[in-house]
2 protein chains.
Amino acid sequence: MNIGAAARQSKLPTKTIRYYEEIGLLKADRAANGYRDYSEDDIHRLRFVQRARSLGFSVDECRQLLSLYSDRERASADVKAIALEKLGEIDRKIAELTALRQTLGHLVETCHGDSRPECPIIEGLSGKPASH
Amino acid sequence: MNIGAAARQSKLPTKTIRYYEEIGLLKADRAANGYRDYSEDDIHRLRFVQRARSLGFSVDECRQLLSLYSDRERASADVKAIALEKLGEIDRKIAELTALRQTLGHLVETCHGDSRPECPIIEGLSGKPASH
DNA sequence: GATGCAGCTTCCAGCCGATGGAAGGTCAAG
DNA sequence: CTTGACCTTCCATCGGCTGGAAGCTGCATC
């Protein structure tokens, strides 16, 4: 299977697939004409990476997950450890964004948003202690 | 004031301050010896940018906000528009991360995390429809 | 005044994770 | 035989820094 079809099946752009190969994440066979040739198994791996990336795993974590994916002897605990670590990261990010939303939301609420120049948002950013 | 002191007061690394100057975000006077020289007003701007960045505004948005900050005639509505746009982005990100947390959390919950190789996380990533 | 060291300067490279584009080879249809 | 889709490689660019090298400056200490 050529890279274009692989891209359609894995929902990854061809550019990205080539990039993943370049960084040694996934390698492909080559056909006689030099074209990359993807097997069903390759497609599985591509989709696997696509899903893992969209769940927020870094490329390096994908590398780990892929090797666990290929290792039929590995303990599920090894996989769970990575996933739990990631879950913690996601929770931290959500907390951070929520605090941020809170602060910015407060600034927006207190701003009249009219034609006058007084603006609590600018004042807040410029360092005056927010009244909250 | 030298860049080091400016960095301490603005809570920005010197590298970052120089970078901001390089990209035309903030420029500094130069002392006779060639050192950058920061006024109190410069420090305000640096802190302003530092806060805006930490609230998730992009460097380009900081550029806009800075010009609004300097413009005493601007309408607060102009500032509010940018902030509201950003608020929407933050909400979208939170929603995205929450969905992600949900999916990954479900996978983690269903994984025993023991020495056996059966692993719903890997299965989930490899494309088997999640049971949820 | 020599020495040492912190702090400043510039410049160049690299990080992540792609993405865009140029220049050129290949293949199947019409 | 030509067109156009698809493939190849290579090199540049994005954002937002960050690190390091090589070389000034400024100030304290001997």
Side-chain angles (χ1 to χ4, degrees), chain A residues 1-39 42-43 45-66 86 89-90 93 96 100, chain B residues 1-39 42-43 45-66 85-86 89-90 93 96-97 100:
Chain A
M1 192 189 305
N2 282 349
I3 198 171
R8 278 184 296 277
Q9 292 210 36
S10 64
K11 297 175 190 163
L12 284 169
T14 57
K15 277 282 189 189
T16 301
I17 297 178
R18 287 195 199 97
Y19 169 71
Y20 286 165
E21 182 173 332
E22 191 190 319
I23 62 170
L25 188 58
L26 295 151
K27 55 188 178 315
D29 284 343
R30 293 298 178 126
N33 59 8
Y35 286 15
R36 287 171 182 80
D37 186 25
Y38 295 88
S39 66
D42 292 330
I43 303 300
R45 282 159 200 279
L46 285 169
R47 298 211 62 168
F48 181 93
V49 171
Q50 189 273 323
R51 286 199 192 84
R53 288 288 298 126
S54 77
L55 280 178
F57 290 94
S58 72
V59 167
D60 245 39
E61 285 161 337
C62 289
R63 217 184 286 271
Q64 292 175 59
L65 287 170
L66 264 183
K86 207 69 212 171
E89 266 176 54
I90 292 171
K93 270 186 206 162
E96 200 180 326
L100 212 127
Chain B
M1 192 187 313
N2 283 348
I3 198 172
R8 278 184 296 277
Q9 293 208 39
S10 63
K11 297 178 190 162
L12 284 169
T14 58
K15 277 283 190 188
T16 301
I17 297 178
R18 288 196 198 95
Y19 169 70
Y20 286 165
E21 182 172 332
E22 191 190 321
I23 61 169
L25 188 59
L26 295 150
K27 55 189 178 313
D29 284 343
R30 294 298 178 126
N33 58 10
Y35 286 16
R36 285 171 183 80
D37 187 25
Y38 295 89
S39 68
D42 292 331
I43 303 299
R45 282 159 198 280
L46 285 169
R47 300 212 61 171
F48 181 92
V49 171
Q50 188 273 324
R51 285 199 192 84
R53 288 289 297 126
S54 76
L55 280 178
F57 290 94
S58 73
V59 168
D60 245 39
E61 283 161 340
C62 288
R63 216 184 288 269
Q64 291 177 60
L65 287 170
L66 264 183
E85 175 58 39
K86 206 69 212 170
E89 266 176 54
I90 293 171
K93 271 186 203 163
E96 199 179 326
L97 279 174
L100 211 127

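Because only heavy atoms are used, hydrogens play no part in the values below, and waters and symmetry mates are left out as well, while side chains stay in. So you know, we letter chains A, B, ... as the sequences are listed, proteins then strands, and number each from 1.
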Chemist: Take atom CG of A:Asn2 and atom P of C:dC27, then tell me their distance rounded to the nearest Å.
Modeler: 10 Å
Chemist: Any ion pair linking B:Lys93 and B:Glu96 (charged N to carboxylate O, less than 4.0 Å)?
Modeler: no
Chemist: Between A:Asp60 and A:Arg63, is there a salt bridge with N-O shorter than 4.0 Å?
Modeler: yes
Chemist: When the nearest nucleotide of DNA chain C is assigned to A:Tyr20 and to A:Ala32 on a heavy-atom basis, which residue is associated with the more 5' position?
Modeler: A:Tyr20
Chemist: Measure CZ/B:Arg63 against P/D:dG15 and give the value in whole Å, please.
Modeler: 9 Å
Chemist: Could you give the CG-to-P distance, from B:Asp29 to C:dT9, as a whole number of Å?
Modeler: 13 Å
Chemist: So, is A:Arg18 close to the C:dG17 phosphate, meaning a side-chain N or O under 4.0 Å from OP1 or OP2?
Modeler: no
Chemist: Please give, in whole Å, the distance from D:dT8 C1' to A:Asp37 CG?
Modeler: 15 Å
Chemist: Rounded to whole angstroms, how far apart are CD1 on B:Ile23 and P on D:dG15?
Modeler: 9 Å
Chemist: When all nucleic acid strands are considered with a 4.0 Å heavy-atom cut-off, which category describes B:Arg36: base, sugar-phosphate, or nothing?
Modeler: sugar-phosphate
Chemist: Return the value, rounded to whole Å, for the distance between atom NZ of B:Lys15 and atom C1' of C:dA13.
Modeler: 10 Å
Chemist: A:Tyr19 side chain: which of C:dG17, D:dT18, C:dT26 is closest?
Modeler: C:dG17
Chemist: Give one of base, sugar-phosphate or nothing for A:Ile3, where a contact means two heavy atoms less than 4.0 Å apart.
Modeler: sugar-phosphate
Chemist: Reckon A:Thr16 has a side-chain N or O less than 4.0 Å from the OP1 or OP2 of C:dT19?
Modeler: yes
Chemist: Nearest-Å distance, CE (B:Met1) to C1' (C:dG7)?
Modeler: 16 Å
Chemist: So, A:Glu21 and A:Arg30, do they make that salt bridge, N to O below 4.0 Å?
Modeler: yes
Chemist: Taking only side-chain nitrogens and oxygens of A:Asn33, does any of them come within less than 4.0 Å of OP1 or OP2 of D:dC7?
Modeler: no
Chemist: Do you know which two heavy atoms are closest between A:Ser58 and A:Arg53, and how far apart they sit?
Modeler: CA-NH1, 3.7 Å
Chemist: Is there a donor and acceptor pair closer than 3.5 Å between the side chain of B:Tyr35 and the base of D:dG26?
Modeler: no
Chemist: Give A:Arg53 one of three labels, base, sugar-phosphate or nothing, depending on what nucleic acid heavy atoms sit under 4.0 Å from its own.
Modeler: sugar-phosphate
Chemist: Given that B:Val59 and A:Arg8 both sit by DNA chain D, which one's nearest nucleotide is further toward the 5' end?
Modeler: A:Arg8
Chemist: Might you work through the side chain to side chain contact (heavy atoms under 4.5 Å, CB included) test for A:Met1 and A:Gln9, ending with a clear yes or no?
Modeler: CA-CA 10 Å; A:Met1 192 189 305; A:Gln9 292 210 36; 3.6 Å; yes
Chemist: Figure out the CG/C1' separation between A:Leu46 and C:dA18, and round it to whole Å.
Modeler: 15 Å
